[in-house]
K.L.:
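Can you keep this structure in mind? I'll have questions shortly.
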Amino acid sequence: MSLAWILIAPAIAALIALVSRRAAPWVTLAASIAVLVLASFAALTVNRVGVIASAFGGLSLDAFGAVYLLLVAFVGVTAALYSIGYLPVHYAAQEGVPPPRYRAYWPLYNLFLISMLGVPLVANIAVMWISIELTTIFSAFLVAYNDRPTALEAAWKYVALTSVGAMIALFGVLVLYYGINHAGEPVTWAGLVAAAPNIAPAVLLTSFALWLVGFGTKTGLVPLHTWLPDAHSQAPASICALLSGVEVSGALYMLLRIYPALARNPGIAHPGTWYIVAGLISVTTAAFLILQVHDYKRLFAYSTIEHMGVILAACGLGARVDQLGTVYQFFGHAFTKSFCFYAAGIATIVFGTQEIAKVRGLMTRSPVAGWALLLGGIAIAGAPPFVLFISEFKVLAVGFGTGEYVATGLLTALLVLAFIAILYQVGRIVFGEPAAEVHAERLPKTSLVALGIAFIPMFVFGFYLPPPLATLIQHAATLLGGAA
Amino acid sequence: MQTALAIDGFIAALFVIFGLGVIVTRQMRGSLHLFILHALALTASAIVIGIATHSPHLYWVALITFVTKVIAIPLVLSWSAGAQVYERREVDQVITIPRSVLIAGVLALIAWVVAHPLVLAITGRPFAVINLPTGLIAVFFGAMTVAVRREAVAQLMGILIMESGAFFASISIVNDLSIIAGIAAAVDVPIAALVIGLLIRSIHKATGMTRVGLMAELKEHR
């Protein structure tokens with residue numbers, strides 16, 4: 001099977017969506033399902049043969065790439081399904097909102113999906129940078145979907161800040177390009193790991209520092225995170241699921257993949273410290289911001305910043321191979337965060353507002369929405385039996401096991417703080433007496449189905465992982481551990 | 001080679017001056033002209049290094065840079081903001097111009113110091129001594145443009161200056177970047193400029209202005 005089909009399917013859908021407004025949602029959904037099926041086959045092949053390549057070597061896929069590809073494909077399906085019912089109902093319910101960019105939504109959705117799928121699929125690291133830059137470009141108008149000044153402000157901050165980050169990262173990519181090239185290896189992940197011992201430490205470290213700032217901006221690492229809560233508070237819930245669930249993880253994917261090269265270079269001491277410090281700063285800031293947040297979509301955005309920090313810190317603590325903590329957290333975040341934004345979107349339909357202070361008694365007003373938000377809150381906070389409980393537990397176990405007591409102790413305390421903060425905020429929304437005046441919108445069926453589908457992996461992978469998926473994650477963790 | 005290095009050094013100086021000009025020029029049209037000159041300096045450096053190192057791919061880089069950044073992107077920048085932005089004499093700045101010059105000077109020094117170990121680590125690339133620190137200075141200047149200018153088009157110019165800076169550095173160290181540079185310059189950058197330009201037009205339509213620095217509705221506490 002050629003990997004190119006994974007990119008061609010949404011490209012065809014984008015073209016059809018451009019010419020037919022009526023067919024656009026269903027063609028997009030069909031293409032997303034096709035992408036998920038193709039990605040699953042590709043992942044199974046990767047499990048069997050290790051690395052697959054196609055398009056004359058322009059595309060390639062290894063185990064960690066396959067994990068990310070599956071996440072993008074899965075959230076791509078649920079977000080498309082969710083959008084079909086959510087967009088007309090939600091935007092019709094708001095007064096004073098101009099007609100939404102419904103016609104532009106579906107072509108842009110497909111282009112956004114292609115750019116995200118390109119990140120794990122393209123072989124060349126420099127082209128990967130282009131793919132990441134395009135994720136911002138294609139999603140800018142999706143963030144500004146409702147055309148209000150606040151949405152445009154959020155879109156501008158998003159584009160300006162992440163583009164500045166992308167240009168800093170570009171400098172790092174080009175310096176790294178020299179380093180790999182000079183060592184006589186191809187400019188791919190395997191080439192980077194093979195070349196790492198022979199790259200001058202100054203070249204590798206400079207590249208990494210530029211990546212940390214550049215891709216860190218896109219990942220939402222503190223203090224480069226300011227675009228993230230604004231964009232999530234304004235974008236449609238379906239786009240938030242993609243942004244938070246998989247787009248920011250794309251930039252994080254780059255930061256994780258350079259780690260084995262840093263670890264293999266004899267001139268670079270303790271590269272994990274960079275990851276631990278950057279991760280803990282983000283987790284600390286996010287945990288305190290969650291306590292004082294006023295908008296429940298911003299709450300989940302801060303939770304994304306927290307999770308990105310946890311994944312980075314996990315990598316630094318040594319949870320790459322041991323017990324799979326980093327990859328598992330990366331994997332669990334995508335499912336859980338997309339579910340949370342779907343639940344938040346449904347709550348917005350029920351209440352017509354995202355202000356936490358104005359909403360009470362969601363469970364009474366709409367049990368489905370109430371339970372969804374409550375379960376999402378519990379899952380994202382890292383409670384059992386959900387997938388993030390397992391991954392965070394693995395991370396902390398490895399941290400204490402490797403003797404990193406101070407960093408792991410701090411991480412534990414911050415996770416507990418974030419846990420309390422998230423449940424406190426979600427509890428305020430879900431319980432209590434509902435306000436007198438609330439919107440009486442019927443919840444869109446496709447959105448509820450998408451919510452149900454998104455719930456399955458978030459719940460099931462907390463206690464059971466199908467053997468092929470477990471093998472894939474194991475292989476991905478081995479790659480992060482520095483296998484060439 | 002010595003002549004080529006001398007010419008490239010002269011171009012690098014112009015590259016820095018034009019970048020600084022984009023930060024401090026009061027008139028929008030003046031900024032745009034300096035942005036075009038900045039892109040021309042990148043084109044010229046690619047040609048000089050291409051001739052000196054016998055790297056034909058750098059001619060393609062030069063051609064693509066010329067077509068996209070000297071011709072196409074300025075048209076997008078002119079179109080996206082509308083005529084009145086270019087007619088307005090002053091472009092809003094967060095800090096005064098003398099302070100901007102001072103900060104830019106400090107940033108140039110920092111870039112030089114930061115690039116030094118990298119220059120020492122890179123072997124067999126004679127133009128890296130000139131282009132690497134200069135490229136990093138442009139990256140810093142571009143970031144500063146985004147930070148200090150309140151006008152959307154000026155901020156977009158800052159982003160594009162950062163991209164030019166990265167390429168100014170890369171043409172001196174990467175020998176086989178032809179396809180990648182081609183894709184980046186020919187596809188990604190114009191698409192980015194066009195989409196951001198469209199966003200600027202939407203902002204203008206919705207708010208009646210393009211001074212994005214004044215848009216500050218979204219914050220945590222209200």
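Below, chains carry the letters A, B, ... as their sequence lines are ordered, and counting in each starts from 1.
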K.L.:
Among B:Ile122, B:Leu132, B:Ile200, B:Val195, which has the most heavy-atom pairs under 4.5 Å with chain A?
P.N.:
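Of B:Ile122, B:Leu132, B:Ile200, B:Val195, B:Ile122 has the most heavy-atom pairs under 4.5 Å with chain A.
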K.L.:
Need one label for A:Ile168: side chain, backbone, both or neither, based on atoms under 4.5 Å from any heavy atom in chain B.
P.N.:
both
K.L.:
Give, as side chain, backbone, both or neither, the part of A:Val175 having an atom under 4.5 angstrom from any heavy atom of chain B.
P.N.:
both
K.L.:
Do the non-hydrogen side-chain atoms of B:Thr123 and A:His182 ever get within less than 4.5 Å of each other?
P.N.:
yes
K.L.:
Under 6.0 Å from the OH atom of B:Tyr59, do we count more than 12 heavy atoms belonging to anything else shown?
P.N.:
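More than 12 within 6.0 Å, yes.
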K.L.:
Just wondering, do B:Ser202 and A:Phe141 contact through their side chains at under 4.5 Å, heavy atoms?
P.N.:
yes
K.L.:
Measure the spacing between CE of B:Met162 and CG of A:Leu170 and express it to the nearest 0.5 Å.
P.N.:
9.5 Å
K.L.:
Measure the NZ-CG distance between B:Lys205 and A:Leu152 for me, rounded to the nearest 0.5 Å.
P.N.:
10.0 Å
K.L.:
CZ of A:Phe171 to CZ of B:Phe167: how many Å apart, nearest 0.5 Å?
P.N.:
11.5 Å
K.L.:
Look up atom CE in A:Met167 and atom CG in B:Leu160, then write down how far apart they are to the nearest 0.5 Å.
P.N.:
6.5 Å
K.L.:
For A:Phe138, is the CZ atom crowded, meaning more than 12 foreign heavy atoms sit under 6.0 Å from it?
P.N.:
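Enclosed: over 12 neighbouring heavy atoms sit under 6.0 Å from CZ of A:Phe138.
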K.L.:
Considering only heavy atoms, which portion of A:Ala202 lies under 4.5 Å from any heavy atom of chain B: side chain, backbone, both, or neither?
P.N.:
both
K.L.:
Checking heavy atoms, do the side chain of A:Thr150, its backbone, both or neither come under 4.5 Å from chain B?
P.N.:
both
K.L.:
Look up atom CD in B:Glu163 and atom CD in A:Glu133, then write down how far apart they are to the nearest 0.5 Å.
P.N.:
8.5 Å
K.L.:
Using heavy-atom distances under 4.5 Å, tell me whether B:Leu198 contacts chain A through its side chain, its backbone, both, or neither.
P.N.:
both
K.L.:
Considering all heavy atoms of both residues, which atom of B:Val174 and which atom of A:Leu174 are nearest to each other, and what is their separation?
P.N.:
CG2-O, 3.6 Å
K.L.:
Most heavy-atom pairs under 4.5 angstrom with chain B, which of A:Gly172, A:Pro149, A:Ala209, A:Ser233?
P.N.:
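Most pairs with chain B among the choices: A:Pro149.
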K.L.:
A:Asp230: which residues meet the salt bridge (charged side-chain N to carboxylate O under 4.0 Å, His left out) condition with it, sequence neighbours left out?
P.N.:
A:Lys157, A:Arg298
K.L.:
Please classify the contact between B:Ala152 and chain A as side chain, backbone, both or neither, with a heavy-atom cut-off of under 4.5 Å.
P.N.:
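Both parts, backbone and side chain.
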K.L.:
Looking at chain A, which one of B:Val139, B:Leu194, B:Ile196, B:Leu156 has the largest number of heavy-atom pairs inside 4.5 Å, strictly under?
P.N.:
B:Ile196
K.L.:
Tell me, for B:Leu120 versus chain A, whether the close heavy atoms (under 4.5 Å) come from the side chain, the backbone, both or neither.
P.N.:
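For B:Leu120, there is no contact with chain A at all, as no heavy atom is under 4.5 Å.
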K.L.:
What distance separates A:Ile137 CD1 from B:Ile191 CD1, expressed to the nearest 0.5 Å?
P.N.:
8.5 Å
